[in-house]
2 protein chains.
Amino acid sequence: MDPHLLTTFVTVARRGSFSAAAAELGYTQSAISQQIAALEADLGLALLSRRPVEPTPAGRRLLEHAGPLLLRLRAARADVLRAAAGPRHRLRLAATPLAVNAAVAGRLARARAAQPRLDVTLVSCGREQVGALVAEGEADLGLADGIAAPSDPLRLPDTGPMTTVAVSEEELVVALPAGHPVAGRTALRLDDLVDARWLQTEVCPLARLRDLAGDGFPVALEYRGDDVHTVINLVAAGHGLTLLPASALSTGSVPPATRGVPLAWPRLVHRVELLHGALPPGSAADLARTLSS
Amino acid sequence: MDPHLLTTFVTVARRGSFSAAAAELGYTQSAISQQIAALEADLGLALLSRRPVEPTPAGRRLLEHAGPLLLRLRAARADVLRAAAGPRHRLRLAATPLAVNAAVAGRLARARAAQPRLDVTLVSCGREQVGALVAEGEADLGLADGIAAPSDPLRLPDTGPMTTVAVSEEELVVALPAGHPVAGRTALRLDDLVDARWLQTEVCPLARLRDLAGDGFPVALEYRGDDVHTVINLVAAGHGLTLLPASALSTGSVPPATRGVPLAWPRLVHRVELLHGALPPGSAADLARTLSS
DNA sequence: TCGTCTTACGAGAAGCGTAAGAATT
DNA sequence: AATTCTTACGCTTCTCGTAAGACGA
């Protein structure tokens with residue numbers, strides 16, 4: 001179970017080809033073949049079927065472990081090196097788009113006012129990447145958003161030893177086009193909308209809603225991306241409904257064709273969490289304190 | 001960051017000696033020395049100070065990562081092998097002593113009645129070990145107990161991809177000797193007892209209480225072990241107070257010198273959780289279903 | 001027949017043990 | 001002086017690349 005071999009295995013499985021993996025990793029096909037053979041011999045199992053190259057059931061099982069395992073390995077290495085390198089002057093902050101709401105932006109401004117010499121790079125990324133970037137030390141702090149019950153933590157993929165602190169919780173609204181039959185209501189229940197047309201987005205994954213409010217929630221349109229403005233326009237055009245934090249619909253740039261109606265049941269909030277590894281005392285720790293205060 | 005070298009590093013750090021680690025791992029001192037040198041060269045950092053052999057700050061940082069990392073590696077290997085080996089007929093159940101309460105024992109009996117061919121081995125172990133045993137496939141199912149707020153999950157150390165299901169929640173009582181000033185009360189608040197003498201036990205770690213009810217809770221006596229009967233006798237003898245699930249004090253074998261007074265604040269319960277990895281359909285999945293029903 | 005994976009073989013690197021050296025107590 | 005870690009050196013093992021072979025499409 002050498003990580004080296006594991007990396008090769010993951011690459012071969014992803015590319016579906018020994019030769020493609022060889023090219024990607026800078027080896028010859030022969031070396032890849034031998035590495036896979038060594039891994040299979042070590043476990044005593046066939047991990048890949050050849051022609052076509054596809055993981056066997058055992059291989060699929062191993063793949064589920066291999067990704068997080070290799071991530072943690074890189075994270076450990078990066079963390080040790082980073083801790084030894086000492087504090088950086090330019091902080092990197094990885095954040096999902098909706099995590100940077102008014103409250104967070106305000107606190108960030110407060111921190112920068114208190115520490116004028118603080119340089120910050122804000123990197124926008126997807127929800128799964130926040131944890132990985134922080135774990136690997138690519139980012140000093142991470143901000144992730146999601147939908148959760150009040151005071152409940154987000155269920156973020158585990159990427160290693162990491163501290164998560166709640167930063168903000170905010171009311172959720174159902175975003176719908178102005179002409180929608182229920183657009184005039186003052187509050188909505190999710191179970192009244194199980195048969196409505198819904199957008200499948202990263203902000204509001206429908207699988208999450210089915211967990212919380214029962215089956216249903218047919219997918220009208222899937223949006224792969226994380227631009228809030230795009231989502232709002234899709235809603236306005238009647239492609240489907242979605243949940244958004246209230247503030248996302250009250251920033252002025254919203255087309256008048258979109259309405260937001262507060263969600264009365266289930267009790268859900270839009271939650272933002274701050275992620276970080278062990279922070280050396282210094283500007284990163286100060287910023288973390290300000291952001292979570 | 002070869003896991004091989006990581007294992008050596010962990011062993012050297014634990015034993016505080018290259019030669020002792022060599023003996024434990026079956027290498028020569030020379031090989032250990034070379035392995036540590038290779039790891040340090042790879043990271044470009046000194047991980048151990050010599051004479052005496054102690055981890056440097058960077059080494060301590062690495063140690064925090066290495067243990068969980070190696071555990072996950074073993075767990076992944078075991079999981080893949082176990083999945084490929086197919087279902088076992090003898091199930092192994094790892095459980096902390098207090099996790100096997102009347103409810104759990106009853107459900108286990110029910111499962112065995114429904115499946116007469118079900119062979120079960122019940123292995124008693126500590127709270128940290130449950131997760132490790134399940135992760136490594138040494139146990140098919142795990143039962144862990146602990147103190148938590150109602151409906152809150154236990155904070156168990158992360159040992160890999162694992163499902164945890166609540167099995168039972170039960171009232172907590174303050175166990176105290178019959179002659180104790182507050183033994184006659186019908187309910188107690190924890191903050192009235194911050195200055196009392198407390199036992200430090202695995203069932204009721206005082207650090208946990210300080211988290212929940214503020215500072216205080218001086219350690220009168222520390223008991224390293226997990227025998228409930230022993231704890232009860234220590235309480236009866238006036239060594240200190242502790243929290244126990246109500247049923248542990250109503251099983252008949254309790255010395256009459258011990259009283260249990262319900263805990264009124266904070267709202268805490270004794271919770272038992274079932275841990276398991278991905279279960280192949282079969283007797284293990286059936287048992288898990290019965291235990292958590 | 002072509003593309004792709006496997007196998008054979010040799011060169012180089014890596015890892016371990018023996019044994020001698022160095023440093024600390 | 002004794003203990004313990006480090007270094008030097010040779011041997012073995014491992015791993016990779018080249019090249020030829022086998023297997024399917």
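Just so we're clear, the structure is a prediction, and the values are computed from it rather than from any experiment.
For the segment residues 17-33 of chain B, the set of residues with a heavy atom within less than 4.0 Å of an atom of DNA chain D comprises S17(B), F18(B), S19(B), S30(B), S33(B), in numerical order.
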Salt bridge (Lys or Arg N to Asp or Glu O under 4.0 Å) between E24(B) and R15(B), intermediate numbers included: CA-CA 9 Å; E24(B) 181 172 328; R15(B) 304 292 302 261; 2.6 Å; yes
Test side-chain contact (heavy atoms from CB on, under 4.5 Å) applied to T121(A) and R90(A), step by step: CA-CA 7 Å; T121(A) 303; R90(A) 173 166 289 276; 2.9 Å; yes
Q29(B) vs S33(B), side chain to side chain donor-acceptor pair (under 3.5 Å): CA-CA, chis, key distance, verdict: CA-CA 6 Å; Q29(B) 299 96 326; S33(B) 181; over 6 Å; no
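A salt bridge links R50(A) with E40(A): the closest approach of a Lys/Arg side-chain nitrogen to an acidic carboxylate oxygen falls below 4.0 angstrom.
Checked by atom type, the side-chain pair E54(B)/S49(B) shows no donor-acceptor distance below 3.5 Å. Defined by atom type and a distance below 3.5 Å, a donor-acceptor pair is missing between the side-chain atoms of D140(A) and H276(A).
Between Y27(A) and H4(A), the ring planes are tilted. Angles from 30° to 60° get that label.
Look at Q35(B) and you won't find any side-chain N or O under 4.0 angstrom from OP1 or OP2 of dG15(C).
Among the atoms of the strands shown, base atoms are found under 4.0 Å from some heavy atom of Q34(A).
For A76(B) against L69(A), the heavy-atom pair with the smallest separation is CB-CD2, 4.1 Å.
Sorted by first and then second residue, the salt bridge (Lys or Arg N to Asp or Glu O under 4.0 Å) pairs with a member in residues 274-289 of chain A read D286(A)-R289(A); sequence neighbours excluded.
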Where protein sits on nucleotides 20-25 of chain C, one letter per nucleotide: B base, S sugar-phosphate only, - none, heavy atoms under 4.0 Å: ---BS-
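R50(A) places its CZ atom 17 Å from the C1' atom of dG3(C), with the value rounded to the nearest Å. When the P atom of dA14(C) is taken as reference, atom NE2 of H4(B) falls 16 Å away, rounded to whole Å. Between I36(A) atom CD1 and dC16(D) atom P there is a gap of 11 Å when expressed in whole angstrom units. Between the P atom of dC14(D) and the CG atom of L5(A) lies a distance of 13 Å, rounded to the nearest Å. The CG-C1' distance, from L47(B) to dC5(D), rounds to 16 Å in whole Å. We find that CG of D2(B) is positioned 10 Å from P of dT15(D), with the value rounded to whole Å.
With sequence neighbours excluded, no residue forms a ring pair (Phe, Tyr, Trp, His ring centres under 6.0 Å) with Y223(A). With sequence neighbours excluded, no residue satisfies ring pair (Phe, Tyr, Trp, His ring centres under 6.0 Å) with F9(B).
Helix bend of the helix from dT1(C)-dA25(D) to dT25(C)-dA1(D): the angle between its two end axes, each built from five pairs, comes to 30° after rounding to 10°.
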